[in-house]
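Report on the following structure.
Throughout, protein chains are lettered first and strands after them, A, B, ... in sequence-line order, and every chain is numbered starting at 1. Both backbone and side-chain heavy atoms feed into the values below; hydrogens, waters and symmetry mates do not.
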Amino acid sequence: MSSEAALLEDYSKREYKHGFVTDIEADSLPPGLNEDVVRSISLKKGEPEWLLEWRLKAYRHWLTLTEPTWPHVKYPTIDYQRMVYYSAPKQKPLLDSLDQVDPKLLETYEKLGIPIEEQKALAGVAVDAVFDSVSIATTYKQTLTDAGVIFCPFSEAVREYPELIRKYLGSVVPAADNFFAALNSAVFSDGSFCYIPEGVRCPLELSTYFRINAQNTGQFERTLIVADKGSYVSYLEGCTAPKRDENQLHAAVVELVALDDAQIKYSTVQNWYPGDEQGRGGIYNFVTKRGACRGVNSKISWTQVETGSAITWKYPSVILQGDNSVGEFYSVAVTANHQQADTGTKMIHLGKNTRSTIISKGISAGVGQNSYRGLVKIQKNATNSRNFSQCDSLLIGDKCGAHTFPYIEVRNTSSQVEHEASTSKVGEDQIYYCQQRGIPTEDAVNMIVNGFCKEVYQELPMEFAVEARKLLSISLEGSVG
Amino acid sequence: MLEIKNLHARSEDTEILKGINLRVQTGEVHAIMGPNGSGKSTLAHVLAGREDYEVTAGEILFNGKDLLELSIEERAAEGLFMAYQYPVEIPGVSNKYFLKAAINSIRKHHGQPLIKTSEFLELLKANLAKLGMDKSMMERSVNEGFSGGEKKRNEILQMAMLRPRLAVLDETDSGLDIDALKIVAEGVNALRSPDRGMIVVTHYQRLLDYIVPDFVHVLAGGKIVRSGDRTLAHELEAQGYAFLETEPASV
């Protein structure tokens, strides 16, 4: 058997490493969705009237929408009445030290290799750990408080900082934006809120670990990050989920707002359960992520490493409103076995002298289907704007696919758009060359794939880059006989 | 150290090697010459273990081991090195990282501890200097954007770092101008050693002016048709490969 055929064959044998279920009693609503469910969620969270109204409006709008069918992905129809829209660990999250956290939760993180203890000690990262839908522990609060940075669960922010939430919630991704964003707006359970005041450079890299745990619980996270004038923040989002049989919908919304001279760096490593080798189970990751460079000279960077989920449907985008603002998108998306990904970005240039960069690396193996879909839109007033896009695809085996759908609209003559695309195979030549130097096939494939992704890894914070490399190795583990 | 007996090999339906016999002792340098399509490169790749070729008969002993039973990386770990005619590019993987990974893979095979970074860097520095290569080349991706000469020099650097027991040089002179050829040949000569064997595969005798072989074999039609000392190469130079057609094959 040639090494590529072997690769292909053995791809199906890889197992999801983080597949286990933590046995914790959950406080859940019964399955199904109607106005009462929306009201119950709002009530459980003790929300003000305006937010309930906002949710209801979103829900009513959602009823008028149909699920989008344009993505290049296939999946059975989702029955929204069979899903559970609220599930929270029974233990209330009013803890101030890790000792008070359910040891089973800590064990879960331990198994993931991302123990909070270790992170606190080593990484200097403030962790807002979201377990299912409620935040369990928040650390480094003091350091952040001293700097004036607000970083807390979304529900807490609704109570403590209602004026900020009211001002920015839905200001980048309106409740009626799209089918999944509307659904999220109606039923979102929790998430993170972050506000960096004027002139502050956030002293820590902020990180949230999401986990989907209770059976059949769709998770609807809501993240809102506001960087005030001249501030800077780096936010890390990492995800893993336990193994289970039924598909789970994850429809998060992330909104970023950067005011004058502010910078937001948002990094994601996503490793949700991708389904088994027959394509059963796995997470549906239908996410709306968008940032608004509202101020002059502001900058927003999205960096993502997507190795998990059965289906990924996400387009982290930047609206370049402020003059001289900068938008960046760096992405690695892996699809193995029956995984499907339709991902990319949108760069909407509105302000003058705005610049955007898109580097997308798609890796397909097994019968995985990987699509890049990107829109670069330069409006009439966005004079002297520039975009550079590079979309590279790497194929492993001959049953997978890579697709590129670039959309480019330029409405003025002083702007410049460059698009480069390439598709290559992990060559038998490359593997042979490595082997001849003594490097076993599996290490060789890892090396070649990591080399392919280098430009994106360079954009990740150090410890995240290490984790991303590990994840990719796990994805490729057992890929050769 | 290397004994090839009655080796037959084919690619898809075409038989390329039709009964090769060859013995290489440590310290010897053997040149394999022959016209295009005679099977020279095939022989090199069959030794390395390339999967495109199927060995249909014969055996190869390498330091007493059955070479054909070993995987490509096991052969490498046992000390077989091939300098490629067309070195492969690996974008995004630095030369330095690649070399270290190769050394450590071979060490792992032998149950030895991983190389210390300081030791590796010292070794690298010494070998770079010998080959007149710039340090900056180590930060560049493996062979990516290298000139023909740089690629070949990089092969010799890898050889120097991995210290093989048997080095097979496949058309190392192809695509080199005379200056580059001299540098590469010097690098190879510096690696000649009483405990290392070499097989130099080449179409032209030119290379053999700089890497002087102990033995020369002429491969034609999948068989070694003539063997002799270095003077055979000069004979070929004078007469060309045409004489093969007129003289009966002899082994």
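Looking at B/P164, neither its backbone nor its side chain comes within 4.5 Å of chain A, counting heavy atoms on both sides. Neither the backbone nor the side chain of A/C453 comes within contact range of chain B; no heavy atom of the residue lies under 4.5 Å from a heavy atom of that chain. Neither the backbone nor the side chain of B/Y86 has a heavy atom closer than 4.5 Å to any heavy atom of chain A. The contact between B/D52 and chain A is made entirely by side chain atoms (from C-beta outward), counting heavy-atom distances below 4.5 Å.
Distance alone, capped at 3.5 Å, is enough to place a donor-acceptor pair between the A/Q430 side chain and the B/E89 backbone.
The environment of B/R163 atom CZ is sparse: at most 12 non-hydrogen atoms of other residues, nucleotides or ligands sit within 6.0 angstrom. Counting non-hydrogen atoms of other residues, nucleotides and ligands closer than 6.0 Å to CZ of B/R140 gives a total above 12. Applying the 6.0 Å contact sphere to CZ of A/R373 captures more than 12 heavy atoms from other residues, nucleotides or ligands. Heavy atoms of other residues, nucleotides or ligands lying less than 6.0 angstrom from OH of B/Y97 number 12 at most. In B/E54, the CD atom is crowded: over 12 heavy atoms of neighbouring residues, nucleotides or ligands sit closer than 6.0 Å. Within a 6.0 Å sphere centred on CD of B/E12, other residues, nucleotides and ligands contribute 12 heavy atoms or fewer.
Remark: B/R50 CZ to A/Q435 CD distance equals 10.5 Å, nearest 0.5 Å. One finds the NZ atom of A/K454 at 5.5 Å from the OG atom of B/S94 (value rounded to the nearest 0.5 Å). The CD1 atom of B/I72 lies 7.0 Å from the OG1 atom of A/T441; values are rounded to the nearest 0.5 Å.
Between B/H45 and A/Y432 there is a side-chain heavy-atom pair separated by less than 4.5 Å. Counting only heavy atoms from C-beta outward, the side chains of B/E73 and A/I439 never approach each other to under 4.5 Å.
A salt bridge links B/E155 to A/R437: at least one charged side-chain nitrogen sits closer than 4.0 Å to a carboxylate oxygen.
Closest non-hydrogen pair, A/I448 versus B/I90, comes out as CG1-CG2, 4.1 Å. Across every non-hydrogen atom of A/P440 and B/S105, the tightest pair is CD-OG, 3.8 Å. B/L80 and A/Q436 make their closest contact through O-NE2, 3.0 Å (heavy atoms, listed as atom of the first residue, atom of the second, distance).
Using a 30° and 60° split on the angle between ring planes, A/Y433 and B/Y84 fall in the perpendicular class, above 60°.
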